[in-house]
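Presented below is the structure to which this report refers.
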Amino acid sequence: MSSPENISTAPAQPASTLPGTRFTGVGVCPGRAVGPVLSMPEPVAEPENAPRDSGLSEASAVESLESATAAVAEQLRARAAEASGDAKGVLEATAMMATDSMLKKAALKRISGGKTEERSFYEAAAEVTSMLASLGGKMAERQRDVRDVRDRVIAQLRGITPPGIPHSDTPFILLAEDLAPADTATLDPQKVLALVTQDGGPQSHTAIIARSLDLPAVVAAPGVLQIADGTEVHVDGAAGVIDTGITEELRAEVEAHRVRRAQISAFDGDGRLADGAALPLLANVGNGADARAAAAAGAQGVGLFRTEFLFFDRDSEPSHEEQVSAYREVFEAFTSRGTAEAPAKVVLRTLDAGADKPLPFLTDSQEPNPALGVRGFRTELSSPGVLARQLAAVAEAEKAAGEGVDVWVMAPMISTAEEAAQFRTMAEHAGLKTPGVMIEVPAAALTAGPITEEVEFVSIGTNDLTQYTMASDRQLGSLAALNDAWQPAVLQLIGATGSASHGPVGVCGEAAADPALAPVLVGLGATSLSMSAAALPSVAAVLRTVSPAQAEELAAAATAARSSSEARAAVVAQLPALQELGLA
Ligand code: PEP
Ligand code: MG
């Protein structure tokens with residue numbers, strides 16, 4: 001494999017990356033890769049607010065800014081031409097923004113006032129973003145493009161590497177402190193072989209991105225940022241290790257592993273255990289495009305539609321019409337997969353605002369402890385009416401979507417049976433016949449019996465259930481070892497939910513996408529699993545090798561283990577299919 005073109009200026013290799021160095025983190029997506037690393041560049045610092053050098057004329061400052069914006073637009077257009085899907089759209093929109101006339105006018109005004117071209121562009125971007133924010137709706141969403149262009153133009157003026165996912169003509173392993181949701185759009189899975197981060201945990205955005213793209217990934221690996229760009233490393237996303245010093249033998253092993261993984265065929269839309277018992281495999285989605293991709297990947301329905309993902313950056317509640325149209329788009333992606341007699345299920349989660357998912361119009365950014373604050377269903381206390389209006393929009397969208405789809409609704413962050421009953425009343429009032437709740441708070445797991453007397457189903461959110469059971473922030477890389485759904489305490493709570501529940505028990509947290517953990521969840525009582533569409537083939541392939549009795553044995557072994565690593569090791573030892581399919 002040849003080296004990426006932009007790694008020639010890599011700093012001298014630090015001693016810690018000498019061949020034979022091993023870095024250990026937490027594996028969050030299985031798979032192995034060998035390749036050169038490329039790090040995410042440092043964020044672009046704010047330009048100093050000092051007057052322009054008296055030797056630099058206004059005309060030359062204007063010229064240098066114009067050539068920087070033109071160069072950025074050209075680079076983005078060239079990348080858009082090579083990209084596909086969401087990345088293409090994002091890059092094209094950002095390229096247009098680079099030469100936007102409003103931005104240019106605001107910058108030129110400041111240059112003629114004596115400011116540097118960097119500072120002028122920076123302030124112009126601030127003026128345009130606040131104007132977009134005040135317009136709200138779709139316009140407010142363009143603020144991100146303006147900030148991205150601002151940083152790229154400033155980097156171009158300074159002659160430094162542009163921000164965001166590094167660009168390379170050849171495949172590489174991406175090294176970062178952590179990734180943000182916005183990075184997903186420009187991450188090209190054809191170029192990125194694996195993800196490695198120093199921070200982040202199993203429920204972090206990096207882990208979610210890795211699973212959605214099915215990229216081998218290791219998070220919370222201390223010291224990895226010392227690895228110099230261009231150093232060839234081996235990443236093992238199941239074992240959670242990164243090694244330098246690549247031998248021919250290791251290269252052959254990784255290739256053999258890749259061949260084993262390649263045997264896993266696309267998901268055929270029929271989740272089953274070894275004895276033929278049905279175990280529906282559903283998808284987690286955030287919008288219509290995700291839902292269409294999930295339907296194309298064979299998902300049997302949607303197990304988690306995260307509606308808050310539609311409205312980040314909004315400072316006012318979305319209108320009824322906007323909500324109906326956004327929900328309808330997701331429902332309609334599945335109408336043709338179902339019939340009036342056997343409709344496809346779509347589980348819509350009402351707005352889960354707060355903590356890692358703030359919504360400016362619903363949550364208080366000043367709360368001292370947002371993960372334990374007014375979030376999820378609790379926002380009904382602080383903003384009464386928003387939930388009822390959302391449910392009314394869901395009901396209208398369901399009617400409009402036709403008979404092929406069966407909409408279930410669930411509330412996030414439920415702690416008591418009273419809250420579950422309150423949600424059921426609200427859902428029924430809106431005409432929604434299948435209300436349910438998420439089990440993601442230990443109190444709810446321990447009272448799943450009374451809760452399921454109030455609602456039709458539950459869905460276990462293992463991301464938050466792990467965070468709250470282990471009292472460890474899901475976003476903190478330093479707590480990643482605690483923040484692991486393999487922790488026996490978490491497995492016990494999942495088992496308690498499974499055995500006490502009266503109706504269907506879904507699992508929609510990231511744990512469901514782990515092909516080694518999926519059979520354990522089934523053994524603990526899960527009746528369906530929901531995951532990012534990319535995980536469907538691996539999870540389906542493993543489940544087809546496991547009988548219900550074996551799933552119970554695996555669940556018992558994992559729950560009785562003394563630690564998360566022992567739990568995982570016990571399952572890997574008892575389930576040879578994981579090795580045979582290249583998933584362990
Ligand atoms: C969870 O907590 O497991 C879950 C599915 O919800 P989210 O990750 O959106 O909080
Ligand atoms: Mg949650």
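Just follow the structure's listing: the first ligand is 1, and inside any ligand the first atom is 1. Small disclaimer: the values here were computed from a predicted structure and weren't measured. These values consider heavy atoms only, across backbone and side chains, with no hydrogens, waters or symmetry-generated copies.
- Short contacts between ligand 1 and Met438, defined as distances under 4.0 Å to a heavy atom of the residue, involve ligand atoms 4 (C), 5 (C).
- Taking the N/O/S atoms of Glu440 in turn, the shortest distance to the Mg ion (ligand 2) belongs to OE1.
- Set against the non-hydrogen atoms of Glu440, the atoms of ligand 1 under 4.0 Å away are 1 (C), 2 (O), 6 (O).
- Side-chain atoms of Glu308 do not come within 3.5 Å of backbone N or O of Ala353 as any donor-acceptor pair.
- Between Asp290 and Arg306 there is no salt bridge, since none of the side-chain N atoms of the basic residue sits less than 4.0 Å from a carboxylate O of the acidic one.
- Neither the backbone nor the side chain of Glu510 has any atom closer than 4.0 Å to an atom of ligand 1 (non-hydrogen atoms only).
- Against a heavy-atom cut-off of under 4.0 Å, Leu304 is close to the following atoms of ligand 1: 5 (C).
- Between the side chains of Asp178 and Thr197, no donor-acceptor pair is found at a separation under 3.5 Å.
- For the pairing with Tyr327, the side chain to side chain donor-acceptor pair (under 3.5 Å) check across Glu322, Glu396, Gln390, Glu332 returns one residue only, Gln390.
- Every atom of ligand 1 with a heavy atom of Cys508 under 4.0 Å away is listed here by number and element: 5 (C).
- Comparing Val441, Asn284, Val507, Asn463 by heavy-atom distance to atom 3 (O) of ligand 1, the nearest is Asn463.
- In summary, the atoms of ligand 1 found under 4.0 Å from a heavy atom of Arg474, numbered by their order in the structure, are 2 (O), 7 (P), 8 (O), 10 (O).
- Each of the following atoms of ligand 1 lies closer than 4.0 Å to a heavy atom of Asp352: 10 (O).
- Looking at atom 6 (O) of ligand 1, its nearest protein heavy atom turns out to be Arg349 NH1, 2.9 Å.
- The shortest N/O to N/O separation between Thr462 and ligand 1 falls below 3.5 Å.
- Within a 6.0 Å radius of NE2 in His320, other residues, nucleotides and ligands contribute more than 12 heavy atoms.
- Side chains of Asp484 and Gln487: a donor-acceptor N/O pair is absent below 3.5 angstrom, by distance only.
- When each of Thr466, Asn483, Asp464 is paired with Arg474, the side chain to side chain donor-acceptor pair (under 3.5 Å) condition holds for Asp464 and for no other.
- The ligand atoms of ligand 1 that sit less than 4.0 angstrom from a heavy atom of Lys357 are 7 (P), 9 (O), 10 (O).
- Within the coordination shell of the Mg ion (ligand 2), defined by N, O or S atoms under 2.8 Å, Asp464 is present.
- Taking the charged nitrogens against the carboxylate oxygens, Glu329 and Arg292 do have a contact shorter than 4.0 Å, which makes a salt bridge.
- Remark: ligand 1 atoms within the under-4.0 Å shell around heavy atoms of Gly509 are 3 (O), 5 (C).
- In this structure, the side chain of Thr497 does not engage the main chain of Ala448 through any donor-acceptor pair within 3.5 Å.
- Considering backbone and side-chain N/O atoms, Asp356 never comes within less than 3.5 Å of an N/O atom of ligand 1.
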